[in-house]
Each structure stands twice: as C-alpha cells, then as structure tokens.
Amino acid sequence: MDKKSPMDYRGAKPIWCQGCGDYGVLSCLMKALSDLNIESRDLALASGIGCSSRIAAFVKCYGFHSIHGRALPIAMGIKLANPQLTVIAAAGDGDGLAIGGGHLPHMARRNMDITYLLIDNSLYGMTKGQPSPTAQKGVVSKTTPKGSPEAPLNPVAMALVYGASFVGRGFPGKPDALVDLIKEGISHRGFSFLHILSPCITFNERETFRYYNERTELMSTDYLPDDRVKAITLAMTEDKLHLGTFCKEERPVYTDYGTDIEVMERETLIKKLYERFK
Amino acid sequence: MDKKSPMDYRGAKPIWCQGCGDYGVLSCLMKALSDLNIESRDLALASGIGCSSRIAAFVKCYGFHSIHGRALPIAMGIKLANPQLTVIAAAGDGDGLAIGGGHLPHMARRNMDITYLLIDNSLYGMTKGQPSPTAQKGVVSKTTPKGSPEAPLNPVAMALVYGASFVGRGFPGKPDALVDLIKEGISHRGFSFLHILSPCITFNERETFRYYNERTELMSTDYLPDDRVKAITLAMTEDKLHLGTFCKEERPVYTDYGTDIEVMERETLIKKLYERFK
Amino acid sequence: MIDFIPLNTACFNKNLDELDIQLLRTKFVNAKLLYMSNSLVIRIAGTAGEGVLSAGDMLNLAMKRAGHHTMLFQSYGAEVRGDGPSMAQVRVSDSPVLSHGDEVDILIALNQDAVSLNLSEIKKGGLVIYDGQPLDTFGSQKTFTPSLPEGIQGISVPLASISYQKLNSLVSKNLVALGAFSAVSGLPFEIIADIVKARFGEKSLSALKMGLDNVTAKASVTGFNLEMRSSLQEMLILSGNQALSMGAIAAGVKVFAGYPITPATDIMEFLATELPKVGGRVIQTEDEISAVCTVLGSSFAGSKAMTATSGPGLSLMVEGIGLASMAEVPVVIVDVQRAGPSTGMPTKTEQSDLNIAIFGSHGDSPRIVLAPSTVEECFYLTIEAFNIAEACQTPVLILSDQFLGQRRETVSPFDLSGLKLAQRLKPDIEELKGYKRYRLTDNGVSPLAVPGMEGGEHAATGLEHREDGSPSYDPDNHIAMTAKRWGKLELAKLESVKPVRFGAADALIGIIGWGSTEGAVREAVSKANEVGLKVAALYPKLLNPLQTDIIEDFVRPLKKVVVVENNYTGQFAAVLRSNGITCESFTLCEGRPFKVAEVLKRIEESCYKT
Amino acid sequence: MIDFIPLNTACFNKNLDELDIQLLRTKFVNAKLLYMSNSLVIRIAGTAGEGVLSAGDMLNLAMKRAGHHTMLFQSYGAEVRGDGPSMAQVRVSDSPVLSHGDEVDILIALNQDAVSLNLSEIKKGGLVIYDGQPLDTFGSQKTFTPSLPEGIQGISVPLASISYQKLNSLVSKNLVALGAFSAVSGLPFEIIADIVKARFGEKSLSALKMGLDNVTAKASVTGFNLEMRSSLQEMLILSGNQALSMGAIAAGVKVFAGYPITPATDIMEFLATELPKVGGRVIQTEDEISAVCTVLGSSFAGSKAMTATSGPGLSLMVEGIGLASMAEVPVVIVDVQRAGPSTGMPTKTEQSDLNIAIFGSHGDSPRIVLAPSTVEECFYLTIEAFNIAEACQTPVLILSDQFLGQRRETVSPFDLSGLKLAQRLKPDIEELKGYKRYRLTDNGVSPLAVPGMEGGEHAATGLEHREDGSPSYDPDNHIAMTAKRWGKLELAKLESVKPVRFGAADALIGIIGWGSTEGAVREAVSKANEVGLKVAALYPKLLNPLQTDIIEDFVRPLKKVVVVENNYTGQFAAVLRSNGITCESFTLCEGRPFKVAEVLKRIEESCYKT
Ligand SMILES: Cc1ncc(C[n+]2csc(CCOP(=O)(O)OP(=O)(O)O)c2C)c(N)n1
Ligand SMILES: Cc1ncc(C[n+]2csc(CCOP(=O)(O)OP(=O)(O)O)c2C)c(N)n1
Ligand code: SF4
Ligand code: SF4
Ligand SMILES: [Mg+2]
Ligand SMILES: [Mg+2]
C-alpha cells in the first residue's frame, strides 16, 4: 500500500462559499485519511442534505449523499453490509440534530462502528440562515424576527448521555487538533461522535472563526477521557469550548454480536426449516 | 368550580391486560387531576400509539390519540393554539424514545408548557414484546433471539441534558409519590418530563412490579432539585432508581414570547402590507 | 364438465329473459383452473385470552398431519388482551384450499357469546360444540342452552368446568374443546396430542383427554372424513409471512432492517432467528425511516437488503423510496397491508395501499410493485422482487396483506433447484476507467460499483445528477436522466412474471384482481364455469408497471370487466382505467377477505342484460 | 377578431391537406380570454453572487412603479454561492402579464459567459448590454467583444471597472447595469434610484449613476415605451408565496408550523413577521413530521392552522395527512413543488407532486387538492382551502410550484369586502348531550367540539372508530365510517370553485391543465384563436376530487383533448383517464416553465389529420 497524500482523496470540486468553515473540515478530513492511509475504495462516507453534507462528493471514496437527516441510518446500513469498510457519516447541525436527531441516540447505544462528523454552524446554511438546534437563544433571523425563544442544545453532552463510546470536539480554525481528533475517531472501534464547529461565513454573524478562535481551547493534557460523568459535567459547565476528546470507552461494537454463529448454505437452512413446518 | 373526584375524569373503559402498570398510571393521573381540580373541558391529552397511548381515551378530556411517536408535536400544536389549556402528552418508551425520540430535545429547549408522561415498560407492548430503547442489554426477545446488543438509554439524564425545566421519575407501585410528581409536573410552568416506570405484566419478565419495588427509592428529602449538573450526575450514577423530582427550573415558556406585540385586525394588517408591496 | 346447472343464487332466481344468454354455456374451461370439490370448515371462536388462536394453529397443523390440505384464517382485535371477539377458522379439503370458507360446518364456541356471534355463519346441517355449563365470575356453574335454528346440531361439553378441575384455571378450555372435537369428528387423537404435548408439555394432555372422553357419540359431519390419510407428509404449513421470509433467504438477502408493526412484525422475528444462520443480519431500527435508509445503505454497500412494514410504516418510508428511485439503489420493501387509513384496524385485512405503493413519493419516482396471491407465491415472488430490484436497480415493493401474511396453509416444499438469482450488473475493468455511476445506456441500467472496487468510487445522490453523479440543474440532463430511470420499468415488464389467467377459454365476462383475493375468485370462477357461465379471470402479479399488452389481450374479447379488490375506492380499477382499460369496480371494505359467494353473485349480476 | 392569418410555425408549413380543416376558422372567442398585445422581456444574467436576483427584483418593481404590468421570473442553482448560472427575467406589458416570456428583448449580461449562454434566447432585433472591459482574476482589465448574430445590437458598458472604481469591489456590477439599462431604455432613472436607495442606501447611487452616464445613446427597443405612466399606482408586486401567505392571514390562520425548504421557506419567513401582528404564531419545528402534527394539534384545539413545504417535506408528511383524514381534522398543507424525485433540483420548477398529493398516504385516505395558477389565485385559493377544510373537516393540500411561488407579478389589491370565511360546524347544546364526535350525518360532516366546550370531551383518533370515537373493528362500522369520510369529498365538489374555461366557444380541440401552466396556455390559446384555430382550455382548480361533470361538459364537443403539465409521466392526464376522460398527454420535464410557443406548437399539431 502506497503512502497516501491528502490530495489523493480529492473528489469533486467543492461548491461552498469562499471562506466557509467546511473547507477546513474537508482538508482536515483528507489529512486524517492520508495519515491513516485508508484506501479510497474501502472508505464509505454517507451524508444528509445541507451545505456540509455536500462533503460526501468532495472526498474520493464511496459517497452516499442521501436525504435530509438520514446520514446515520445510511451509514449503518453500509456498516452492517460490510463491516470491513471504514464508514464515516457527516451531517449538519440541522440535519443531524433537528430532522435527524432521532437516530443519534440509537447509533450510540448500538455502538455502531461509525465516525460521525456533526458539522455545526449554528444555522441552516443551505436554506439561507434559519436558526438550527445549536443556535443561541435570542438569535434574530427570518423565522425568528423577534429573536429565537429556544435554548440551544449541547451536542457533546447529548452524545455522552446517549453512551457514544467516543466523543470529541474540533474546529477547523485549529486544524492540527481537528486532524488528530478525526484520526482518533476513525481509529476508535465503536461509535465516534465528533462535534465540529464550522463557521458559516455567509449567514452567521455570531459564530465566526474569530468567535471560536477566542472561545475554544485545547483540552488540557491532564484531562483523561475515561470518565463519562466527568465528561458530561465538563460539557455542561464549560466556559470555553474544549477541543479534543471528552470521553473514550472500549466496548464491543454492534457488528461483533452474532458472529459466533455457524454459517450454513442458504439451501441447507431452507431444508432445515422444512422440518419445522411439517 | 366544584371539587372534583378522580372518578370525574373517567373516560372509556381501559382495555389493558389485567395487572398492567398502566392502570396505576391512569389512576394516579386521575387523582392528580382531581387534586388540582382541573376542568375536563380545559384539559387536552395527546398520545401516540401503543398500549400506554390508549390512555388518551381513558381520561375524560379532549383527547387526541394520534400516530406512533407524535404525541409531543400534537400536544405542542394544542398548546400553541390555546395556551390556556392544561396540556399533557403521553407516550410509551418505544413511542417516545424510538420513533418519536427526535421531538423530545426540541420540546425541552423550547420549554413548551406541556407535561409529558413517558410511560416506560422497557418494551413494545402493543406489538407483543420487542425490546425498546430502555430494554436492558442482553434481553432475549423475538427480534433479539441471542440477546440484544444495544445498551439502554437513560431517559431522565437525556431530558436533563436537553434542558427540560422539570424532570422527575415515578412508579405506580408507589402511587403517592407518583400522584405528587404528576401534580408538580402539571403545576410547573414549562416542559415537565416525567419518566414513569410501568411494568408490562404480559411480556416483561424482568422489569416487574417486584423488580421496581426493590430497585426504586424515594428521593431523599435532603435532595434539592435546583442543580441540573448534579441531577445528571445522579441520573447517570444511581444504583437504585430515584422517584421524585430531579431538577426544576423556572424560566419563560415558549408561549410567553411574542405576546408583547400589539395585535391588529386582519384587514388592517393586509392593507398595511399593501403599502410594502407597492 | 357438466352442462348448465342453475345455481340457487341471485341470478338464477331472475327470469331467463333478463339474462344475457351469450354469456352462458361455456364448455372450454382453462386447464389451469383449480377446483375445490369438497371441504370442511371448522371455526373456533371466543375472546382474546381464551386461546382461540393457538387452538386454531394446532388444529390446522393436526389436519395437515392427518393428510388434508388446509388453510387457517384468523380474526382478532388489536388489543393485546382485550375482550374483543376472536376467531380461528380452519378449512380442509382433498385439494389445495383456495379460500378461507364462506360458511362454517363446525363451530367450537369457547364461551356463550361466541355462539350467538357466529350462528349466522353456520351452514345448514352444521354443528356447534358449546359449553353447556359455563362458570360465572364467582366460579360457580351455570347452565346454558343455546337456541339453535333447525338443522344445526349442538353438542354440549363442559369446557370451563373440566379446565378448572384439571388445571385450576380456565386457560385450558381450548384444549378441552380440541379433545372434544377429535371425538366428534374422528380426527385422530394422537395427532392432536402430539402437537399439544410439543407445545405445552405432557401435563396439558389431561385436559385434552377429558375433552375427548366427555363426548360419547361421534356426530356426523357433512360427510367429510377426517381420518388419517397417508398423503401430504412432505408438505409444509406456512403463513404468507413465513414463506415470504424464506423467499428472502433463498434470494440471498443479507440485511433486514425493520420496525415492529402488525401484521408485518413476524417477518422480522422470523428472520432475526434464521438470517444469522446464513451470515445475514437483522436489525430492529428506531423507526421505519431508519429501516428504509438502512437497507438503502446496505444495498449501496453491495448486499441484498429488505425491510417489511405495514401502511403507517410505508407512509414514513416514501421519502427513502424516492431516494432509492433517484439514486438507483436496488431494495425490496414489503408492505403487509392492513385496514386504513391512519392507524385504522391493525389486525384487519385490506388492499388499500396500492396507491401509495405506486404513487407515494414526491416527484416522478419510478418503482416496481408486485403482489403475491398465495402463500406459495409469497416465496417465489419475493425472489422475483430481489431479481427485478437488482436487474433494474430500482426499489421493488411487495404488497401482501394481513389475510395473506398471517393465514397458514399447506404448501409443497419449494423448488430450489430451478431458482435463478439475478446478479447485479457490475462494472468491468474497462468501465472502471473513468467510471460513471449513472452512465446512460440503452436499457437505462448502468453498471454499479460497490465499495471495495478500485476505481469505482463515486457519490450516489438524491440530487439530479450527470452521468458521473455530479449534481446538475441542466434541463436536457434532467430529461435524459428522468427517461433513464423510467425506461428501466420497461425492462421490468419484460423480465417479470406474467399475469395468471384462469376460467373459461371463451369468456365474455372477465374478472381482474390482485393479491390475496385470487383464491376466492378462483373458487367463484370455477363455480360459475361449472354452471356454464363464460367467465375468466386475470391476476397480474406485476402491478406497476402494468403489462398492458397482456391485460389488453385478456380484455379484448370481453363484454364486461369487473375489478375485484379489498378496499373502498377501487384503487386498481382506477389504475387500469388510467391505462386505458374500461372496467367496473367491485370492492369490499370490511376488514375481512371476500367470500366466494360474494364474488359469484357479482359474476352472476354481470350476466344481466344492461 | 382577425380571420385566419397563417403563422410561421410548424403546422402552417405543412400542406393544407394534412390539416383537419374542421378545426380552423373559429370566430367565437370566449369573452374571458386575456390577450397580451405587446410586451417587453428583459433578462439579467450572471452567476450567483453577482446580484442577478436582487437586480431583477428591483427592475421588476421599478417597472411596476413606472406604470407597467410585470412578471419577474428567476432561475438559479441550488448552491448558496456556487458559480452556477443564474438569471432574472422581467416581462412588462400594457395588460396583465400571463407568462414569463419566450424570448428576450434585452439581455443584461453581468459577465462574459452570460452572453453566450443566453444568446440563443434573444429575439431578432434584440439588444445585449455587456461588459466590454471585464476584469480578470488579478483585477486587470481585459477586453471582450461578443460575436452577436445579425440583427442583435450590442452595447458595451464597463460594469466591472465602474463597480471597482466606485466601491472597490465587484458587488455593484448589477447596479451599474441597472443605470445603463435606464439610459438605454428610457425607464425613468428616479424610479430605480429610489428603490436602490431604499435597499442599499445613498452610497450605492453613484454606481447606478455611473451606469446611466456611461451610456450616451438611447437604443431603440422594439418599440415598447418604458416611460412613466400614471396607471397601476395602486397595484402590488407580489410573489405567489407572498400572496398565499396573505391569503392565509385573510382566512384567519392562527398557527403556522413549518420546516425550511426551498422554494417554500419564504412562506414561513413572511408569516413569522406578520402573523404575530394578528395574534397568530409561527413555529419552526424540528422536521416536517412535527410541522404537520403541530398543525393537526392546533386545529384540534380550535385554531386554523397551516404548514408549507416542498416535495421531500410532503413525503414526510403523508402519515400525518392520513391521520387528518381519519380523525377528520381540518388543516391546510401547502406544497410549493420543485423538480423531483428525491432532492432533485431544489430551485427548479416542476408539477410532479400531484400523485403524492392525491394518493400519498396508506389506506383509502380522502383529501382535497387545490391548485392556483396565478399570484392572485394564490391568495384567493388559500382562503378557499381553509374554507373547504373547515366545511369538510378534511386536510386540504394546495399545490403551488417554484415558478408560481417565486415569480413576482403585478396584482390588484385583493377584494377583502366580499370574503366569506367558512365557520367550523360546532355542536349546539342539544348535540353536546351525549356528544358523538363522529356522528353519522347526511353529508358526512359531524359537529366538532373544541377544547373549552363543556360536554364536548372526546378522543380524536387515527384508529377506526364508532360515532363516539371509540375504536371498532366491526365490518359494518368500517364501511359506514369510510363512506362518511369519502362522502365529504362530494361536498367539496359542490362547495369549491369551478374550473375556468377560456378560448374559442366553438372549440374542437381542448387543452386541460392545472396550476402554473395556465398563463402560457392562455397566451397560446389566444394566439391560436387569433389565427382561427378552434381551441379552448379548461383549468380545474380543484384537482381532487374532480368535478367530473364540468370536465365532461367541456370535453364532450371536442375532437381531441391534450393535457398540459410540467412533469414527466403526465400525472394529471392519468388521473383524468382514470375518471373516464380520454386524453393525450403533453408534458415538459426540464425544470422550467412552458414557453408559449411550445404549447402553441402542440395545439397546431393537434390540427393534423390523424
Ligand atoms: C425533508 C427535507 N426537508 C427540508 C429540506 C431542505 N433543507 C435542505 S438543507 C437543510 C438544512 C441545512 O442545515 P444544516 O443541516 O445545518 O446544514 P448546513 O447547510 O448548515 O451545513 C434543509 C432544511 C430537505 N432537503 N429535505
Ligand atoms: C408508524 C408506525 N410504526 C409502527 C407501528 C406499530 N406499533 C404500534 S404500538 C408500537 C410500539 C409500542 O411500544 P411503546 O411505545 O413502548 O408502547 P407500549 O405498547 O409498550 O405501551 C408499535 C411499534 C405503528 N402503529 N405505526
Ligand atoms: S452558506 Fe454558509 S455553510 Fe453554506 S457554503 Fe456558504 S458559508 Fe458554508
Ligand atoms: S401488553 Fe403489557 S403494556 Fe400492553 S396492556 Fe398488556 S400488560 Fe400492559
Ligand atoms: Mg448547519
Ligand atoms: Mg413500551
């Protein structure tokens, strides 16, 4: 296997606005893939619908740019069919936490071996700027002209409570940490939830690169990601947003189960079944 | 207003199996309603589909026994249309955490003034016993003949992380506490999430009345439900399941917003709009 | 073939002048026609919780083991344990049983109400086994003597008392009744005893035995001999859902994803046990949206994949099905229909999901719809569904229904030797150079690379796309790609199984139907032919796209076409009309399957001059 | 009316023998026919990000303020800022503008590519305003001279350089172009200046002014005078989505719940600002399932409620719509259609959601479907939708589309005085004694109690139910309740607006269409009538149920019926056929609206002998 370079993963040309955070997410992902030397042909990347979800076509791999909110079930189907593949799912904050928010808890409790990139710009980019589930309370937009009365969700804390076996946060403005995080997430055997802060430069005046540059800090090297409750407490109380791994836990993945069964030919099984129904 | 008795809330005759936990939930609810002296005509109860969801027809009120998983949005619609009503939503653990699990975070962050009874029997009763999102790992059922590989969710911790302004747990085997909890939940202005343990005597051999009688304990009177993070820690680490209020927080409800706008006649507004489009 | 025997039914009470004489006196009956000469219908009735369904199940199996063809039909409420009425009906015959039976020969009533509720459906000359000494709520014995109309015989067996004596509970009333039935009917006791023992253990046999012993005289049961025969030992008793599941296994399904819903759940439950044995996986997802998307993902990754649901779940799946249309992902979606709309009547049968199956997604979204009619067809058409899905890279829906999915009937072991499984068209090395996932080809099918293939990397998408999969809003591209997707349905017409025709070769009246009504229509047509009516029927198995040429050939010589279906609005009739077929619609919307007499009456009415 | 002037189109190049002479020489043209005598089409073209859409919007408004009837049509990609081509086309006329215009009189090209991409659609005698000195990526000036075919005039304006000089960026190219256009066309400068100032502030005026000054000669523009007129001051410029939103307000909507989706989002955005002013509420839900259920809840609680979406969202809503059918909850669901299937082409127009609108839920699930054709109708039919929903206690779908929803045209202020709003049938005191929510009545409509009413307590349900709402699996009940639900559609046929007919009174060729194609068909029919072709058209507004008697009356004298629609499979044609109407299907599936010439050609082809 040749050593890959990030450019080996170049797919279609991105159509994001210039300056969009998603470019950084893409390049960090490509770097991580090349560092891990994953073969494009063995990589599947499922996404939903949104600016961020376009990423599925921008990486050279087996991409499935599906429908709004369904990145995770599509990815799960891929993994179930072929557990050998590296499976990544990518979704926006609307995609993954609003319309598709119902799938996340279950992917976590199943410990599906999928790496999930939740690409968060605190709004609906593709549909031009409506507040998303991570938008701050009070945000003024065309659907909330007097300010949104809804409190934002806390994706990291949610993933932790759901039991995701790997939970971390990244920001393309601090690319090294993000590359490391993605690598760790992919390498982790189990469901990896990566909360990625990716500013929308076109519609978001609040959560900008600058904003996140100031409000994020790398997880202290003292911090051991071995305690879920501690991680939740951190996620619920943090003043600055921490970048890095909140929690990591080794446990069997979904596809480990049922592998101990002796497999027979289809015809053999059907003939056995005949006996049961006589 | 006459003082009501629980029997004043009697609706259609329940069709649950004899001994089903839901009978206890129903009687505690009726008791709570009568203690609060709520008028049937001003009470709306929306539910999804499942054994537990049948409750909407068993209480005398404006009931809406809707479709699987949608108790919350139906209840939200009712509240938005008429904030004066007492609005309760009821759902099973499959209804509310599987198919309908995507609605819960949003109802919590909106702080919709709804009391939500999540009636949990750790399985799908109506469809005859498949494991639900709260089923223990390893449970053997017709869809998991070798034991389920999925870890259970923690509904109380989830509601807390979502930001529900009132979160508690009850069990009809300890009815006084459940009546109090429902009363507190209904009286609370905001989204009240009540996790109610309600054994299915027909399909559940594990989570029985006896099981819960042994494994639940009333929340210590010392415990102050004023700290969300503390509540989460408790919910994530508890050995015995606590019955009572985990967390309570006063904050404006969704329907408080936008009430400061001066209201005009429809025709006046339309004529004003004409000016904008000339 | 007998010549013109007037039946004592509506039509023949009319003056002959009112009848269209042309339509009578056929002699050319299609060889394929199945005809049931002789049959016996036993109904066990009671309330949920009295063991009606399990007794029916055991009786059905016993009948088969005794050497008879059988069909078991069940009807029950949606509550897990309500007190709604419940019944199980077993029909046995010397030849394959076509329908569940219009009238009851023997009623086994597990409680008082069950007698009165079912009395009107008992045949003249029939028999009722009832409990003449039921227990009241305090456990003390009452007496009960039903008033049976003339010609209906009653046999009293103290079901409750015996059960209570033997097991200190009422749960064995059904076993006592089975024992009594054995005595009355001559069905060999050992066969039932074996089955009961296997299910409930040695202990339960005493209740059965007491039932047997309690009946002294053997009653005469309309001349059908239930004694042991040596035939049918190799045959199976299967439900439609079981046969369908086995078909999926035979077709090579590797991933099943589903969410519980009556009456489809048992497909998932069956496969949960069996599929892992051939290396497949079954997952219970968090909802139907996840289920359909999961199977799309699995198919994308190269595995045959299926989901199964009923109406409400199908409603939730239509967005995913549209994605499968657009992204050209082969998947199989089973809908075991129940009475709608909305939650409707979950345990009752209906054929009212045809519209959503064909037209259910937004946009012009092609899909293929198949409908099996018998338990056996549930097996073979499921294989067909996978074959067409792979051949056309399109979603394929299978429309079964509660009646078909849950009824249990005798079927021959399937012919596995002749099975042809379609292989997915994969790109060869040449094609993988500059691979284009959606290359425009003559028949619209493009080679489909699956993960693991070097050079086959691409992005499948629900956006309109160019040949290489990149999004495009170009008008010409949209029309070319739309034509490609729809063009594949032409292929399906050619590849798929052809409609089945039966009845008079010189028919002037035609029935068209689909799915589970076929059995009743076969019986009705054969009876009509027997009395000389020139009637035939056509059952297309492919409901979308329609093989219009074959249907037109069938219709051309006819004077009248009646479309028989189990819904309110006549959904298939409307589809046929929109395809240029002139037809009348005959529907039943009562949550139960057609009776033969109902179809026959409609056939006869069609013989009036108009 | 002029007598038979052969047009220089397909049909009239044929030998007269090939034409069906019967179909020619009409003189009886329906008085209702609208006819556009004279119009001018201006297209602004560029890429997303160059301000094409906002320039189009401003130009459109300016035209109206100058006293002309206008229509603005936009076409753009789905990327927020991609480099896909984008265009805005304004058509002005002395009379109401019926369609967006087949050919371009004046092209304003904001970049080089825009010239070549749009050249083929410029009329002979037309004009191109282009940038003869564009800047390259390094900001230095190039020269560019487009090769224009004979008869097309070019005017070079240094859009980029001026914009760069004035504002140090390219964002004002569009304003420079508008200034230049004013100079060329004679459109009063002050009108544009006012609009620009109001939107972008005083500062922006300099770019506009430089554009104006840069053009010295006034070019001759096909004789259409764009100078100020005094007419139309009271008229409004509205998009279909805006008119629809205003219609909802006028109808008294109290709750709007929705989820963003192109091209429906602006309905929610409009109402988010306006609805609270009349005491209503707008909520952006977590998905479309929640949206539709929220409006069901609101309606149950007594408020008029609406949601709006596009195809993918509608697919997700069908389960909720089925619940509204079954539980008899009045709700209004708007679908602003876009090109499908699946995600399709989100910014492109199509009429391909008719099938899902009519047939989209499982079970026999009745619903009403309305389709407005013009911006004005978006207002009135929305009121109608609420009225029918309330009168029939049924879900009502409104099918708009991207073309109709987003085009902006001149409309008269609405007539609010004559508005009739249907009131929900509420139970009186008598009825509230032993209240039965689903009481069987003659027309199927049962009095509906809302929370707060003493004695009206009941449980609405998606299960099949008895009159009192309690679940029932009884066959007779199911059929009675199904008949009740479907019976209400008969009421809708009577209550609802009737189909619109236009064209020759003695027509032998008929067009049937629905929704946004009406304008182009009106123009085509009027042109055909002008040359003596006996053509007329019918536009039903109620698409489900169909007012078949009226359609049959229209069809009866015709020799040919052609159904015009913007999709691939001819969805409405199929529906008509299933209702017994014989028809041909004429479809366009390119993500754009019909051109008049396309319809006209098809009309002419229908005149060939066959
Ligand atoms: C079922 C459905 N509903 C709505 C849409 C419209 N839509 C497209 S993208 C999007 C949201 C985008 O927001 P997000 O997921 O946060 O991604 P972003 O664009 O911000 O990266 C929506 C609502 C859709 N395509 N499908
Ligand atoms: C869309 C849809 N999918 C599936 C079903 C079938 N169904 C009915 S109830 C139920 C689950 C019941 O479990 P739960 O919500 O936990 O309620 P319980 O019966 O245990 O009280 C399911 C899957 C349905 N009615 N609708
Ligand atoms: S709109 Fe925002 S999220 Fe979308 S591409 Fe542009 S910058 Fe990125
Ligand atoms: S099945 Fe279980 S949950 Fe349902 S009614 Fe019976 S005991 Fe209760
Ligand atoms: Mg986003
Ligand atoms: Mg449950």
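Throughout, protein chains are lettered first and strands after them, A, B, ... in sequence-line order, and every chain is numbered starting at 1.
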Participant: Under 4.5 Å from any heavy atom of chain D, what part of C:Ala327 do you find: side chain, backbone, both or neither?
Facilitator: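 Looking at C:Ala327, nothing touches chain D.
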
Participant: Can you tell which of D:Met345, D:Lys348, D:Arg485, D:Met326 has the highest number of heavy-atom pairs within less than 4.5 Å of chain C?
Facilitator: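 Of the options given, most contacts go to D:Met345.
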
Participant: Tell me, out of C:Ser365, C:Ala324, C:Cys589, who's got the most heavy-atom pairs with chain D below 4.5 Å.
Facilitator: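 Most pairs with chain D among the choices: C:Cys589.
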
Participant: If I measure from the heavy atoms of chain C, does D:Ile321 come under 4.5 Å with its side chain, its backbone, both, or neither?
Facilitator: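 Neither part.
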
Participant: Quick one: does D:Ile289's side chain get under 4.5 Å of C:Leu316's, heavy atoms only?
Facilitator: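 Yes, at least one pair of side-chain atoms sits under 4.5 Å.
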
Participant: So which atom in D:Ile356 and which in C:His362 form the shortest heavy-atom distance, rounded to 0.1 Å?
Facilitator: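 Reported closest heavy-atom pair: CD1-N, 3.6 Å.
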
Participant: So which part of C:Ile479 gets closer than 4.5 Å to some heavy atom of chain D, the side chain, the backbone, both or neither?
Facilitator: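 Contact with chain D is through both the backbone and side chain of C:Ile479.
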
Participant: In Å, rounded to the nearest 0.5 Å, how long is the span from CH2 of C:Trp486 to OG1 of D:Thr569?
Facilitator: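 With rounding to 0.5 Å, CH2 (C:Trp486) is 5.0 Å from OG1 (D:Thr569).
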
Participant: For D:Glu350, is it the side chain, the backbone, both, or neither that has a heavy atom closer than 4.5 Å to a heavy atom of chain C?
Facilitator: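 Contact with chain C involves the side chain of D:Glu350 alone.
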
Participant: So for C:Leu354, is it side chain, backbone, both, or neither that comes closer than 4.5 Å to the heavy atoms of chain D?
Facilitator: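 Nothing of C:Leu354, per the 4.5 Å heavy-atom cut-off to chain D.
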
Participant: Which residues in residues 572-584 of chain D have any heavy atom closer than 4.5 Å to a heavy atom of chain C?
Facilitator: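 Listed by number: D:Ala574, D:Arg577, D:Ser578.
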
Participant: Of the backbone (N, CA, C, O) and the side chain (C-beta and beyond), which part of D:Leu463 lies under 4.5 Å from a heavy atom of chain C, both, or neither?
Facilitator: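 Looking at D:Leu463, backbone and side chain both touch chain C.
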
Participant: Of all the residues in residues 336-344 of chain C, which have a heavy atom that comes within less than 4.5 Å of a heavy atom in chain D?
Facilitator: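 Counting heavy atoms that sit under 4.5 Å from chain D, the residues of residues 336-344 of chain C involved are C:Ala339, C:Gly340, C:Pro341, C:Ser342, C:Thr343, C:Gly344.
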
Participant: Less than 4.5 Å to any heavy atom of chain D: does that hold for the side chain of C:Ser472, its backbone, both, or neither?
Facilitator: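 Interface part for C:Ser472: backbone (N, CA, C, O).
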
Participant: For D:Gln571, which atoms come within 4.5 Å of any heavy atom of chain C: side chain, backbone, both, or neither?
Facilitator: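 Contact with chain C involves the side chain of D:Gln571 alone.
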
Participant: Determine whether D:His478 and C:Glu590 make a side-chain contact, defined as any pair of heavy atoms from C-beta on separated by less than 4.5 Å.
Facilitator: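 Not in contact.
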
Participant: Working to the nearest 0.5 angstrom, can you tell me the gap between C:Thr347 OG1 and D:Tyr473 OH?
Facilitator: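 Output value for this atom pair is 6.5 Å.
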
Participant: Does one side chain, of D:Ser352 or C:Asp364, offer a donor that lies under 3.5 Å from an acceptor on the other?
Facilitator: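 No, because no side-chain N or O of D:Ser352 sits under 3.5 Å from a partner of the opposite role on C:Asp364.
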
Participant: For the candidates C:Gly311, C:Gly591, C:Ser75, which exhibits the highest count of non-hydrogen atom pairs separated by less than 4.5 Å from chain D?
Facilitator: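 Ranked by contacts with chain D, first place is C:Gly311.
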
